[in-house]
Amino acid sequence: AQRVTQPEKLLSVFKGAPVELKCNYSYSGSPELFWYVQYSRQRLQLLLRHISRESIKGFTADLNKGETSFHLKKPFAQEEDSAMYYCALKGYNQGGKLIFGQGTELSVKP
Amino acid sequence: DGGITQSPKYLFRKEGQNVTLSCEQNLNHDAMYWYRQDPGQGLRLIYYSQIVNDFQKGDIAEGYSVSREKKESFPLTVTSAQKNPTAFYLCASTLQGYTGELFFGEGSRLTVL
């Protein structure tokens, strides 16, 4: 079965603290994973994808096949990071659809 | 201004009525998708279309219908058969040779009274 699990509904941290948003997946084969972000009153948009191994807005995510995880990390959270974050897996059928996790709301307090 | 436009933003419907949500894109994207977003459940795929005049059911297609007569347009009809239609609906599109980056509209919130 193809599945994405984000165990935390809400994550609340103080500005400057490290952040880790958890994502676990279930997939047969080599997964393609993504993080999407939805800021308040804005569209859902791509934050980063694991194949690019990029860092966007200070966020990174490493694919750990052994633990089937793709956690999103940032060493020092900023207030503007407050948003809804979705982990997504590209499915191998249904037109390569994206399978989304339940989402984690990140709240960064001043 | 390129992008995906969904309308209306807010829609109220009485029980037993069908309602159609519009999704238009001028990005020249081949594939279009409809997702439903519910709190605590993430995004779930309703229907998708990879080319004109062709579409497939997603995971929760029951009670919904779509058409793809033009590349730019992918309207979603929420029928009276949909048991729990109150939700936030998101339309998305992507290029063929799909890299996983979906471009989303701003969404339509449907409330059944």
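It should be emphasised that the depicted structure is a prediction, and the values quoted were computed from it without experimental measurement. Chain naming here is simple, since letters A, B, ... match the order of the sequence lines and numbering starts at 1 in each.
Inspection of the A:E8 and A:Y85 side chains reveals no N or O donor paired with an N or O acceptor under 3.5 Å. Under the 3.5 Å distance criterion, with hydrogens and angles disregarded, a donor-acceptor pair is assigned to the side chains of B:S73 and B:E24. Side-chain N/O atoms of A:S69 and A:K22 include no donor and acceptor closer than 3.5 Å.
Contacts between residues 103-113 of chain B and chain A, counted as heavy-atom pairs separated by less than 4.5 Å, involve B:F104, B:G105, B:E106.
Look at B:K71 and B:D30 and you find a salt bridge, because one of the NZ, NE, NH1 or NH2 atoms lies within 4.0 Å of a carboxylate O, short of that distance.
Ring centers of A:Y36 and A:F100: under 6.0 Å apart, within the cut-off.
Legend: residues meeting side-chain contact (heavy atoms from CB on, under 4.5 Å) with A:T5, ordered by chain and number and at least two apart, are A:R3, A:Q102.
Residue contact with chain B, scored on non-hydrogen atoms closer than 4.5 Å, is absent for A:Q6.
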